[in-house]
2 protein chains.
Amino acid sequence: MDIMSKLVAASEALFDRHGFTATGMDKLTKSAGISSRTLYKHAGSKNALIASVLGERDKRFARRLEVDSIDALFKALEDWARVEGGRGCLFLRAYGETGGDSPEIVEAVLAHKARVADKIAELVIVETRQSDNADLVEQIIVLFEGATAAAIYRGEQSVVAARMAAATLLERHRL
Amino acid sequence: MDIMSKLVAASEALFDRHGFTATGMDKLTKSAGISSRTLYKHAGSKNALIASVLGERDKRFARRLEVDSIDALFKALEDWARVEGGRGCLFLRAYGETGGDSPEIVEAVLAHKARVADKIAELVIVETRQSDNADLVEQIIVLFEGATAAAIYRGEQSVVAARMAAATLLERHRL
DNA sequence: GATGGTGTAAAATGATCGTTTTACATTGAG
DNA sequence: CTCAATGTAAAACGATCATTTTACACCATC
């Protein structure tokens, strides 16, 4: 595994468990088994490293979302939450911690959110056979986001509830 | 206004805009117009101050949620988001930043979440005239949480969507 | 008019922050 | 063989972290 991959993987775990600001560079270098000089040569800066972590996570997340129904989407989210999640959306957490002050982080967050929203819009078109249904898309987005956030303190049942709610909402548009 | 109220109010604003860890004690003292000695005499520690901020915010939020229908609940959330919100749930942000390591913060977060969940459960009973409907309650919780989180990047429309979705879900239980 | 409580200002605490630099070892390609 | 690249270890950078301490002012009450 090359250095950047190792660094990003190790950093993601630390950021996820302890927060971005609370995780110092020494923890990151130690965890990746590299010197700080090498870290800066590859990652550029701490904010750039955070952006890289978010970028990789987005790619990995997107791979899980390669499904063709809303139901499968929420089942994918359930799998994700079981394996990786439970601590909320790492993108929104990064955004919140940095106050939106770092452009590279903001960009990574918005790109991820746009990707998920696009996927949901695509699936809603497939399921309803309508060219667009903005209200329904927005509702599914809220359920998706809510399942992720509520899972922090209510566990997997949040994702199950979101999946059931989405099914109910879709039902009305399939008459 | 007494010292603690002034301190907590000023701190809440700073924490909300810039994050908890990123906000140093000097910013807090300067913003409240008090010395660090006074801050520690009243607040105890930074984590205790964060817990106090969350406690006050919970009380203020609870006052807004004194409604008697699910629809009014989401309208109250809409008002809140317009006036105070837009940056996500400050409780979950605190939890995420501290990694759940501070017991006083964890307690404040869980107390808040329990209060909101109880309110939702109460309203669902009123609206459905059933003694309990755990699935529906869970779905409303997810919508409530999702509206708050999605509003960060999608604006008020998330809350409107959540309110509409909740109405649809409730409808099926009123037949 | 001394006392105790409550405040400020400012310095000191030792640790840790993100980042850069210095000095040195290894390695693959010309 | 040499050059350039790429890595490490370790120190230094100045800034900032949360917290405590020292020294002093105000003010109400006994």
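All chains are named by letter (A, B, ...) in the order of the sequence lines, taking the proteins before the strands, and each is independently numbered beginning at 1.
D:dT6 atom C1' lies 16 Å from atom CE of A:Met4, rounded to whole Å. The separation between A:Lys30 atom NZ and C:dT16 atom P is 10 Å, rounded to whole Å. Atom CG in A:Leu39 sits about 13 Å away from atom P in C:dC17, given to the nearest Å. Rounded to whole angstrom, the span from the NZ atom of B:Lys41 across to the P atom of C:dA9 amounts to 16 Å. Summarising the geometry, the separation between CG on B:Leu7 and P on C:dT6 is reported as 17 Å, rounded to the nearest angstrom. The distance between atom CD1 of A:Ile34 and atom C1' of C:dA25, rounded to the nearest whole Å, is 18 Å.
The shortest heavy-atom contact between B:Leu143 and A:Val142 is O-CG1, 3.6 Å. A pairwise comparison of heavy atoms in A:Val159 and A:Phe74 identifies CG1-O, 3.5 Å as the closest pair.
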Dump the intermediate steps for salt bridge (Lys or Arg N to Asp or Glu O under 4.0 Å) on B:Arg115 and B:Asp118, then the final yes or no. CA-CA 5 Å; B:Arg115 186 201 296 273; B:Asp118 285 351; over 6 Å; no
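A salt bridge links A:Lys75 with A:Asp71; the closest basic N to acidic carboxylate O contact falls under 4.0 Å. Taking 4.0 Å as the cut-off between side-chain N and carboxylate O, A:Glu56 and A:Lys59 count as a salt-bridged pair.
For the OP1/OP2 pair of C:dG7 and a distance below 4.0 Å, the side-chain nitrogens and oxygens of B:His42 include at least one atom meeting the criterion.
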Just by protein heavy atoms under 4.0 Å, how would nucleotides 17-27 of chain D read 5' to 3' in B, S and -? SSBBBBB----
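For the atom pair CG (B:Leu169) and CD (B:Glu127), the distance works out to 12.0 Å, reported to the nearest 0.5 Å.
Between B:Phe61 and B:Trp80, the ring planes are perpendicular. Angles over 60° get that label, and only those under 30° would be called parallel.
A:Glu145 places none of its side-chain heavy atoms less than 4.5 Å from the side chain of A:Val116.
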Could you provide the dot-bracket string of DNA chain D, using ( ) for intrastrand pairs, [ ] for crossing pairs and | for bases paired to another strand, with Watson-Crick or G-U pairs below 3.5 Å? ||||||||||||.||||.||||||||||||
